[in-house]
Protein chains: 2
Amino acid sequence: MGGSDLFVGTLDVLILKAVSQGRMHGYAIGRWIRQTTKDALTVQEGALYPALHRLERKGLLEEDWGVSETGREAKYYKITATGRRRLRSEAARWKEYADAVALALAAGEA
Amino acid sequence: MGGSDLFVGTLDVLILKAVSQGRMHGYAIGRWIRQTTKDALTVQEGALYPALHRLERKGLLEEDWGVSETGREAKYYKITATGRRRLRSEAARWKEYADAVALALAAGEA
DNA sequence: GCCTTATACCTTGACCACTTAGGTATCGCG
DNA sequence: CGCGATACCTAAGTGGTCAAGGTATAAGGC
């Protein structure tokens with residue numbers, strides 16, 4: 001199994017990161033997230049596809065159709081310049097946030 | 001300002017942690033979170049109070065009225081045994097999650 | 001030939017935590 | 001007396017995620 005629920009708000013930055021690694025189609029993005037987190041994070045398709053459309057609408061991703069490694073039709077995503085900037089800021093935001101939570105959760109430990 | 005939006009789902013564990021440090025009233029819990037995270041996290045009251053009621057309903061916190069340091073009526077919260085167990089599991093879950101995200105966001109950095 | 005699994009896309013409904021924006025009341029300070 | 005801090009609360013709206021469906025093709029087992 002692996003892969004409990006996502007903390008709302010982290011999906012976008014994960015997607016941006018995945019696509020920043022190179023042109024990738026939706027299904028592969030889900031797989032990328034699962035694999036690079038060693039099965040710790042599993043993205044539901046009902047969250048993934050709406051998120052992709054959202055990011056595309058915001059101009060952070062660009063889409064075009066292509067053929068996957070297995071020879072099927074697939075919608076490929078590419079990160080835009082705006083998307084790359086957003087990735088940087090969101091990743092920084094995440095880091096600050098995670099550090100802050102870690103700080104709080106470590107409180108009281110002499 | 002400091003303190004941008006919370007990532008949904010982290011508030012409960014922060015509250016549990018705060019109260020695990022000792023009997024505390026709601027307003028002080030908000031302050032505790034802000035201070036221990038060095039102003040990185042600010043909890044809106046519209047999120048804080050509902051969360052406290054939620055945790056109390058779930059039996060993770062117990063409440064009773066008392067008098068604050070400044071001499072006012074205040075509703076004090078105490079963590080229950082169940083709450084302490086939940087704190088441990090949620091803190092562990094958070095750590096796994098944060099590690100997983102960090103892993104993903106670090107991908108591709110030789 | 002069939003069935004399952006994996007690939008690859010999608011949508012709809014419901015939930016629920018959070019934001020925004022109010023509200024009440026008391027106290028101390030200038 | 002007004003203002004900020006303390007201390008509690010709620011209601012409406014937003015919006016991301018989950019659960020659960022759906023379509024279609026390809027590969028592999030039996």
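Quick caveat, the model's predicted, so the values are computed rather than measured. Labels below follow one simple rule: chain letters A, B, ... track the order of the sequence lines, proteins then strands, and each chain is numbered from 1.
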Which part of the nucleic acid, if any, lies within contact of [X], taking any heavy atom under 4.0 Å across all strands shown: a base, the sugar-phosphate backbone alone, or nothing?
{"X": "A/G46", "answer": "base"}
{"X": "B/A47", "answer": "base"}
{"X": "B/G9", "answer": "sugar-phosphate"}

* Would you check if there is a donor-acceptor pair between the side chains of B/E69 and B/H25 at a distance under 3.5 Å? => yes

* To do: Using only heavy-atom distances, determine whether the side chains of B/Y97 and A/T10 contain a donor-acceptor pair under 3.5 Å.
  => yes

* Asked: Mind checking whether A/L61 and A/L16 have side chains closer than 4.5 Å, heavy atoms only?
  -> yes

* Asked: Is any side-chain heavy atom of A/Y27 less than 4.5 Å from a side-chain heavy atom of A/W32?
  -> no

Round to the nearest Å and state the distance from [X] atom [atom1] to [N] atom [atom2].
{"X": "A/L52", "N": "D/dT17", "atom1": "CG", "atom2": "P", "result": "11 Å"}
{"X": "B/M24", "N": "D/dT6", "atom1": "CE", "atom2": "P", "result": "15 Å"}
{"X": "A/W65", "N": "C/dT7", "atom1": "CH2", "atom2": "C1'", "result": "13 Å"}
{"X": "B/L48", "N": "D/dA11", "atom1": "CG", "atom2": "C1'", "result": "17 Å"}
{"X": "A/Q44", "N": "D/dT17", "atom1": "CD", "atom2": "P", "result": "11 Å"}
{"X": "B/L14", "N": "C/dA17", "atom1": "CG", "atom2": "P", "result": "15 Å"}
{"X": "B/E69", "N": "C/dC27", "atom1": "CD", "atom2": "P", "result": "15 Å"}
{"X": "A/Y76", "N": "C/dT7", "atom1": "OH", "atom2": "P", "result": "13 Å"}

* Are OP1 or OP2 of D/dA7 and a side-chain N or O of B/S68 less than 4.0 angstrom apart? -> yes

* To do: Using a cut-off of strictly less than 4.0 Å, decide whether A/H53 has a side-chain nitrogen or oxygen near OP1 or OP2 of C/dC10.
  => yes

Per [X] side chain, nearest of listed nucleotides [options]:
{"X": "A/T70", "options": "C/dT7, D/dC8, D/dC18", "result": "C/dT7"}
{"X": "B/L11", "options": "D/dT10, C/dC18, D/dT17", "result": "C/dC18"}
{"X": "B/V8", "options": "D/dT17, C/dC18, D/dC8", "result": "C/dC18"}
{"X": "B/R54", "options": "C/dA8, D/dC18, C/dC18", "result": "C/dC18"}

* Can you find a donor-acceptor N/O pair under 3.5 angstrom joining the side chain of B/E45 to the base of D/dC8? -> yes

salt_bridge([X], [Y]) N-O dist < 4.0 Å:
{"X": "B/E96", "Y": "B/R93", "result": "no"}
{"X": "B/R23", "Y": "B/D64", "result": "yes"}
{"X": "A/R54", "Y": "A/D12", "result": "yes"}

* To do: Apply the side-chain contact (heavy atoms from CB on, under 4.5 Å) test between B/Y77 and each candidate in B/L52, B/L55, B/L60; give the one that qualifies.
  => B/L52

Under-3.5 Å N/O pairs linking protein and nucleotides 1-5 of chain D:
none

